[in-house]
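Each remark here refers to the structure printed beneath this line.
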Amino acid sequence: MSYLERLNDKQKEAVLCTEGPLLVLAGAGSGKTSMMTCRIAYLIDELGVSPYNILAVTFTNKAAGEMRERVDKILAGLDNPRTSDNLLIATFHSACLRILRVHADLLGYGKDFVVYDTSDQKTVAKGIIKDMNLDIKRYTPQYLLSVIGDCKEKCLDPEGYLRVNGENFRSKVVYEVYKAYENILRKNNAMDFDDLLLNVVRLFEREPEVLGKYQRRFRYIMVDEYQDTNTIQYKFVKYLAEGYGNICVVGDDDQCIYEWRGADIRNILDFEKDFRDAKVIKLEQNYRSCSNILKAAHSVIKKNRGRKDKELWTTREDGDKLVYHLSQDERDEVRYVAEQISKLKNEDSKEGRPLGYSDFAVLYRTNAQSRAFEEGFRLRGIPCKVVGNLGFYDRKEIKDVMCYLRLVQNPKDDVSLERIINEPKRGIGEKTMEKLKALAEVRGESLLETLSDREVTAGLSAKAEAAINELADLINGYHTEIENMTVAEIYDGLLARSGYLPALQAANTVEAESRIENILELRSAIDQFQKEQPAGTLMEFLEGKALASDSDKLPDGNEEEDEKEKVLLMTLHTAKGLEFPVVFMPGMEEGLFPGFRAMDRPEGLEEERRLCYVGITRAKEKLFLTGAKGRTLYGKWTSCSESSFIREIDPILLERDTPVEPKKSVYRDGYAEKPSGSPFRGGSSYAAKSAGSVASGIMSQNRSASAPIALSAGDRVAHAKFGEGTVTEVSPDGKTGVIIFDSEGRKKMALGIAPIKKI
DNA sequence: CTCAACTAGGTTTTT
DNA sequence: CCTAGTTGAG
């Protein structure tokens with residue numbers, strides 16, 4: 001039981017309290033993961049509970065993986081070593097997926113159902129809007145999907161929605177859309193994220209013996225980040241806990257930051273009411289941060305109403321004050337942050353080792369803020385990594401090939417088929433597609449089934465006929481062989497035989513080149529997957545991708561040497577659960593943080609404040625808060641005022657680092673000067689004309705410089721999207737900055753102000 | 001049907 | 001500033 005020795009009294013109490021409902025209020029950095037892993041180990045080791053009878057739910061796959069690792073480590077070190085085999089540690093979504101794979105047929109789904117992500121949902125919604133001839137402005141896909149999501153969250157089917165909202169024109173439209181949406185997903189044998197949870201709850205409600213089976217299995221249940229659970233997740237937990245009643249939830253109401261997504265803070269606030277005789281244990285000793293940081297965090301969060309009363313304390317020293325710095329604009333802000341990093345790098349941290357790049361993190365409110373940092377850091381040679389928002393799986397070519405894969409897995413997936421039917425070009429246009437869809441509808445088949453009928457394809461143009469027959473044979477062939485092939489084999493085969501890769505290779509353009517690169521990158525992801533799970537199926541591969549989250553892509557210490565030493569850039573949301581010696585929180589401006597959308601509703605502001613609290617408590621030793629007098633948003637200059645959160649921090653704990661007068665002539669990054677009181681208008685492209693460029697020269701902008709580059713015919717240039725080319729012409733007005741690329745004597749394109757670099 | 005070119009509208013946060 | 005959606009010429 002040596003693992004218990006490392007815990008403090010409160011933690012130990014939580015570990016030992018295994019029977020009945022337990023709420024652990026675990027403040028930031030209070031060692032809750034240690035507590036949870038020890039608790040699991042204790043159950044197995046001391047109480048002799050089989051791992052099979054334990055369920056632990058976490059917020060991300062990464063957290064799940066880490067927890068399992070730590071449990072394994074403890075179990076392996078015992079006198080009587082055990083393993084965590086059969087222990088289910090997963091996110092709500094993957095746990096539900098696991099359950100549904102077994103029982104999907106009871107709900108009328110095939111076992112090989114696929115999971116639709118948000119962009120698939122959008123595609124479906126758009127199709128419905130079009131079919132129903134709705135005004136897309138009045139009924140945006142986003143609006144409709146959010147209503148549908150809300151309903152699912154509350155377990156309302158379309159009829160239920162109508163009942164609750166009353167019948168009026170608008171609600172009837174939404175009702176019809178919702179119904180159509182459900183039909184399409186069902187027909188495609190697909191579930192969206194919400195369905196994963198909803199369907200399990202339905203399953204529990206409809207099939208008592210299935211519920212009973214899981215209630216008997218999960219004798220001990222633990223839920224992490226309980227403050228961020230929504231109604232349906234609550235139901236899921238509640239149902240399971242009605243078995244043995246040994247339910248332990250861990251969370252911190254001050255860190256509830258997903259209310260906008262349906263998280264219901266009342267779940268944690270009312271836990272004691274929901275579960276009779278619940279015990280409550282508070283973990284308030286913080287092992288992470290210096291005292292000043294904790295005090296500052298508390299001075300902010302105490303402004304919130306209706307929170308559970310608690311305050312973190314530490315035995316650590318006061319540490320440095322927090323630093324607030326006001327910059328001119330976002331570029332200046334990046335410069336400041338970069339300077340601080342360079343200054344602090346190699347200085348000794350409190351842990352007595354020199355600070356490396358990976359000890360710094362920049363945590364911002366919106367993803368859009370990352371670009372300035374990425375570019376500014378690159379310019380100054382600071383290695384960095386943006387977590388999340390990389391959008392690898394959002395890229396067109398990746399989505400395309402994923403759709404091919406999904407189709408092999410689930411041939412009923414019309415949404416995927418529609419996406420790739422003309423990719424590469426097979427001569428199927430909008431009109432033909434309409435006909436085919438209508439036909440499939442009449443026949444009551446999936447699109448692929450219809451297309452597999454030679455009599456149907458015979459009605460197409462000769463070219464289309466051949467191409468579609470080939471496509472149908474390809475997909476059907478792989479589908480039947482799915483058991484006998486590896487993911488890599490399927491992938492390679494699809495790429496080559498669908499003509500997707502050959503088409504890209506034939507295009508022979510720079511953008512096709514980069515697409516091919518991405519496709520190869522996905523190929524190596526498949527190799528990786530196959531290495532980790534030699535018996536892994538296509539289904540498992542697709543699931544892993546569908547359920548992966550941004551934080552799952554965080555470095556885990558297993559990467560190459562040069563990948564490790566990097567400053568991490570991410571949103572405050574993805575930073576939850578992490579810690580860094582030095583943290584920067586840029587964009588401390590009213591309207592950005594707190595965001596303008598949140599400011600009118602008091603609950604909205606409170607959630608922003610919790611987010612701010614989360615950010616502050618990520619820092620172990622140093623915290624820099626920065627803001628700008630103004631920044632370019634939507635390409636327009638907007639001036640900003642100081643964030644109210646800065647005022648909420650106890651002034652005693654905050655040092656205002658007065659900006660040094662910016663160096664006059666040359667920006668540190670070596671771009672052309674920006675004179676004070678400059679007539680430059682947001683970097684408009686013709687500005688350089690007056691700066692005396694070549695007569696015929698027109699300018700474009702370098703994305704990271706507000707100073708334009710003069711261009712003239714003959715210059716070799718590179719464009720972010722279109723690759724390299726030679727300037728042959730220059731726009732006559734010099735205003736739009738039109739450049740005509742000409743590679744191999746062909747007119748390639750003309751474009752406006754776009755990221756162009758001279759090479 | 002397909003591509004190039006133009007245009008209007010849009011920013012939180014994510015399993 | 002960016003992108004997705006639309007339009008018009010082959």
Side-chain angles (χ1 to χ4, degrees), chain A residues 57-64 90-97 115 117-119 122 126 130 136-137 140-142 149 153 192-197 225 228-230 232-233 256-263 363-369 371-372 388-389 394 396 422 424-433 460-461 463-464 507 546-552 570-576 587 591-599 604 607-608 610-611 614-615 631-637 682-685 701 703 720-722 736 738 740-741 746-755:
Chain A
V57 183
T58 61
F59 204 64
T60 64
N61 294 301
K62 184 170 163 51
T91 62
F92 275 107
H93 293 270
S94 37
C96 287
L97 185 65
V115 179
D117 65 17
T118 17
S119 85
K122 224 168 123 187
K126 275 183 193 164
K130 221 177 122 196
I136 190 135
K137 289 213 174 137
T140 63
Q142 209 175 356
E153 152 92 3
D192 63 24
F193 286 134
D194 298 320
D195 286 334
L196 294 176
L197 288 148
E225 309 283 10
D228 283 319
T229 51
N230 60 31
I232 191 144
Q233 289 165 339
C256 170
I257 55 174
Y258 287 100
E259 229 165 24
W260 54 272
R261 201 176 75 188
L363 311 179
Y364 35 76
R365 178 67 240 267
T366 66
N367 276 308
Q369 288 166 264
R371 194 163 298 149
N389 193 39
D394 286 337
K396 181 187 164 5
N422 210 23
K425 304 280 170 268
R426 294 189 176 89
I428 303 290
E430 205 183 336
K431 247 176 36 205
T432 321
M433 202 56 215
L460 301 169
S461 72
K463 196 181 127 207
L547 264 38
S549 69
D550 284 344
S551 35
D552 298 332
M570 69 189 97
T571 62
L572 288 158
H573 287 264
T574 47
K576 191 170 74 160
L592 216 206
F593 191 32
F596 65 96
R597 304 181 76 117
M599 296 200 308
E607 173 143 325
E608 295 284 301
R610 290 193 292 265
L611 193 54
V614 167
R631 58 179 72 230
T632 29
L633 215 57
Y634 294 116
K636 271 199 217 60
W637 171 266
S684 160
S685 58
Q701 287 179 269
R703 186 192 244 286
K721 237 195 221 148
F722 297 97
T736 50
V738 171
I740 299 183
F741 278 85
R746 272 183 331 181
K747 178 181 165 197
K748 203 168 155 197
M749 72 151 325
L751 66 143
I753 303 162

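Chain identifiers are assigned alphabetically (A, B, ...) following the order of the sequence lines, protein sequences preceding nucleic acid strands; residue numbering begins at 1 within each chain.
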Note to self: Between dA4(C) and dT13(B), how many Å separate the two P atoms, rounded to a whole number?
What the structure shows: 15 Å
Notebook entry, point to check: OP1 or OP2 of dG5(C) sitting under 4.0 Å from any side-chain N/O of K126(A)?
Noted result: yes
Notebook entry, point to check: What residues form a side-chain contact (heavy atoms from CB on, under 4.5 Å) with A575(A), not counting sequence neighbours?
Noted result: L363(A), M570(A), R618(A)
Notebook entry, point to check: Among the nucleotides dT13(B), dT2(B), dC1(B), which one has an atom lying closest to any side-chain atom of K425(A)?
Noted result: dT2(B)
Margin query: So, does N422(A) get its side chain near the phosphate of dC1(B), meaning an N or O under 4.0 Å from OP1 or OP2?
Written below: no
Notebook entry, point to check: Rounded to the Å, how far apart are E153(A) CD and dT14(B) C1'?
Noted result: 13 Å
Check: Between dA4(C) and Q142(A), is there an OP1 or OP2 to side-chain N/O distance shorter than 4.0 Å?
Finding: no
Margin query: Does a side-chain N or O of N367(A) approach OP1 or OP2 of dT14(B) to a distance below 4.0 Å, or not?
Written below: yes
Check: When the nearest nucleotide of DNA chain B is assigned to T432(A) and to F596(A) on a heavy-atom basis, which residue is associated with the more 5' position?
Finding: T432(A)
Checklist line | Non-hydrogen side-chain atoms of H93(A) and L197(A) separated by less than 4.5 Å | finding: yes
Check: Is any side-chain N or O of T632(A) closer than 4.0 Å to OP1 or OP2 of dC1(C)?
Finding: no
Check: What's the CD-C1' distance between E607(A) and dT14(B), to the nearest Å?
Finding: 12 Å
Notebook entry, point to check: Would you say L460(A) and I428(A) make side-chain contact, with heavy atoms under 4.5 Å?
Noted result: yes
Check: W260(A) side chain: which of dT13(B), dT2(B), dT11(B) is closest?
Finding: dT13(B)
Item checked: Selection from dT13(B), dT11(B), dT15(B) that lies nearest to any side-chain heavy atom of H573(A) -> dT13(B)
Notebook entry, point to check: Does a nitrogen or oxygen in the side chain of T118(A) sit under 4.0 Å from OP1 or OP2 of dT14(B)?
Noted result: no
Next item on the list: Pick base, sugar-phosphate or nothing for G427(A), based on heavy-atom distances below 4.0 Å to the nucleic acid.
Entry: sugar-phosphate
Item checked: Length of the line joining D117(A):CG and dT14(B):P, which is rounded to integer Å -> 15 Å
Notebook entry, point to check: Rounded to the Å, how far apart are Q369(A) CD and dC1(C) P?
Noted result: 18 Å
Note to self: On DNA chain B, compare the nucleotides closest to R597(A) and K431(A); which residue's is nearer the 5' end?
What the structure shows: K431(A)
Next item on the list: Would you mind classifying the nucleic acid contact of I428(A) as base, sugar-phosphate or nothing, using non-hydrogen atoms under 4.0 angstrom?
Entry: sugar-phosphate
Next item on the list: Nearest 0.5 Å please: distance from the CZ atom of F593(A) over to the CG atom of L611(A).
Entry: 4.5 Å
Checklist line | Length of the line joining D194(A):CG and dT14(B):P, which is rounded to integer Å | finding: 16 Å
Check: Just how far, in rounded Å, is P of dT15(B) from CG of D195(A)?
Finding: 18 Å
Margin query: Without decimals, in angstroms, what is the distance between L633(A) CG and dG10(B) P?
Written below: 15 Å
Notebook entry, point to check: Over how many whole Å does the gap from L592(A) atom CG to dT13(B) atom P extend?
Noted result: 11 Å
Notebook entry, point to check: Hey, are the side chains of R261(A) and N230(A) touching, using non-hydrogen atoms and a 4.5 Å cut-off?
Noted result: no
Check: What nucleic acid atoms does Y258(A) come within less than 4.0 Å of, heavy atoms only: base, sugar-phosphate, or nothing?
Finding: sugar-phosphate
Notebook entry, point to check: What is the ring orientation for F59(A) with Y258(A), classed by angle as parallel under 30°, tilted 30 to 60°, or perpendicular over 60°?
Noted result: tilted
Note to self: Counting only side-chain heavy atoms from C-beta out, which of dT11(B), dC2(C), dT15(B) sits nearest to R261(A)?
What the structure shows: dT15(B)
